[in-house]
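Accompanying notes for the structure given below.
Each ligand, and each atom within it, is numbered from 1 in the order the structure gives.
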Amino acid sequence: MQIGTTLTRFIIEEERQHPEATGEFTGLLTDLSIAAKIIARDVNKAGLAEVMGITGRTNVHGEEVQKLDEFANALIIRTTDHTGRLAGMASEEMDDIYPIPEKHPRGNYILVFDPVDGSSNIDVNVSIGTIFSIYRKKSSDSVTHADFLCRGREQVCAGYIIYGSSTMLVYTTGSGSHGFTLDPSLGEFLLSHEHIQIPERGQYYSANEGNYLKWDAPVRRFVDQLKEGSQPYSARYIGSLVADFHRNLLKGGIFLYPGDSKSPSGKLRLLYEAAPLAFVVEQAGGAASNGTQPIMDLPATELHQRTPLFIGSRDDVATLEQFVRGKRA
Ligand code: P6P
């Protein structure tokens, strides 16, 4: 019986195309897929297990830390910190960088992740996700902040897991973006979306229009014109970045989380939300911008740096940039 291409097999076959690859990388992606399976198992019973609900703590951003956030954060650390593949990690749930402890061997990669994005949706059974990004360590000896403050272009791998009607892992290493669907009966991620191509122009726009009056005028005008004409766009907003992004990646469309009068840099984080999804969407033929520059070119000056995010179909993002640059009124 042909079970289809497993994630492990696909990674190994892809690695063979890169003679310089060392296998460390393949192991790291496999480690992450194991963490994803465990998180998926607990997400799927969040209503039953004690992972549901909040911890009573808030993270560095003043947001309520859901039990699953903490569980997933600790799990990803535990699954990857002892393998000798990483030099350090950083996460939305940790104030500072996490150098691999002396007791473990250290490797050449840096892992940055959002363990559970959209966690406020856990209790209402809405799809949530894990987002990850991998860089090569630049410093010659022990890991420093500078190893984490990279441009998106320096990523060697990025992707996400969406815990929805099915659990899917989507990743890129710069040779296209590929999707794998978890077959729970096998416990394997099987190739289901090879070389994802996002439509050049979409049919959906995803934004929290409750913030409309706080947006800059060009962004408001861009959204207004999406509603005009003979074929207006449909609004789809789940309030879970990975879920909104994933639908637009497959169907076409643009996700917007602009800066506004209250938060000029917007809400979403550059290193472990915008940059990894920007890598995935660019590899699928799409685009990601902060309104004037590609997300992948933005310098990171601090770990939890925020950025306005416009991401999805290439032509939709280009039109948004024309409005922001005053080339469209
Ligand atoms: P708002 C979830 O809290 C999150 O970080 C993203 O997953 C999501 O896209 C965004 O915030 C939703 O924010 O302000 O629309 O509730």
Once you restrict both partners to nitrogen or oxygen, which atoms of ligand 1 have a protein partner under 3.5 Å, and how far apart are they?
from     : atom 1 : to   : atom 2 : distance (Å)
ligand 1 : 7 (O)  : D117 : OD1    : 3.4
ligand 1 : 7 (O)  : D117 : OD2    : 2.6
ligand 1 : 7 (O)  : L241 : N      : 2.8
ligand 1 : 9 (O)  : L241 : N      : 3.2
ligand 1 : 11 (O) : K267 : NZ     : 3.0
ligand 1 : 13 (O) : K267 : NZ     : 3.0
ligand 1 : 14 (O) : Y257 : OH     : 2.6
ligand 1 : 15 (O) : N208 : ND2    : 3.0
ligand 1 : 15 (O) : Y237 : OH     : 2.6

Task: Pair F10 + F180: ring centers closer than 6.0 Å - done: yes
TODO: May I ask you to say whether R247 pairs ionically with D244, meaning some side-chain N is under 4.0 Å from a carboxylate O?
DONE: yes
- [ ] Assert yes or no for the condition that the ring centre distance of H304 to H61 is strictly below 6.0 Å.
- [x] yes
Task: Donor-acceptor pair, side chain of T80 and main chain of I76, under 3.5 angstrom - done: yes
- [ ] Indicate whether the side chain of S185 and that of D183 have a donor and an acceptor atom separated by less than 3.5 Å.
- [x] yes
- [ ] Taking the six-membered ring for Trp and the single ring otherwise, decide whether the centroids of F245 and Y160 are under 6.0 Å apart.
- [x] yes
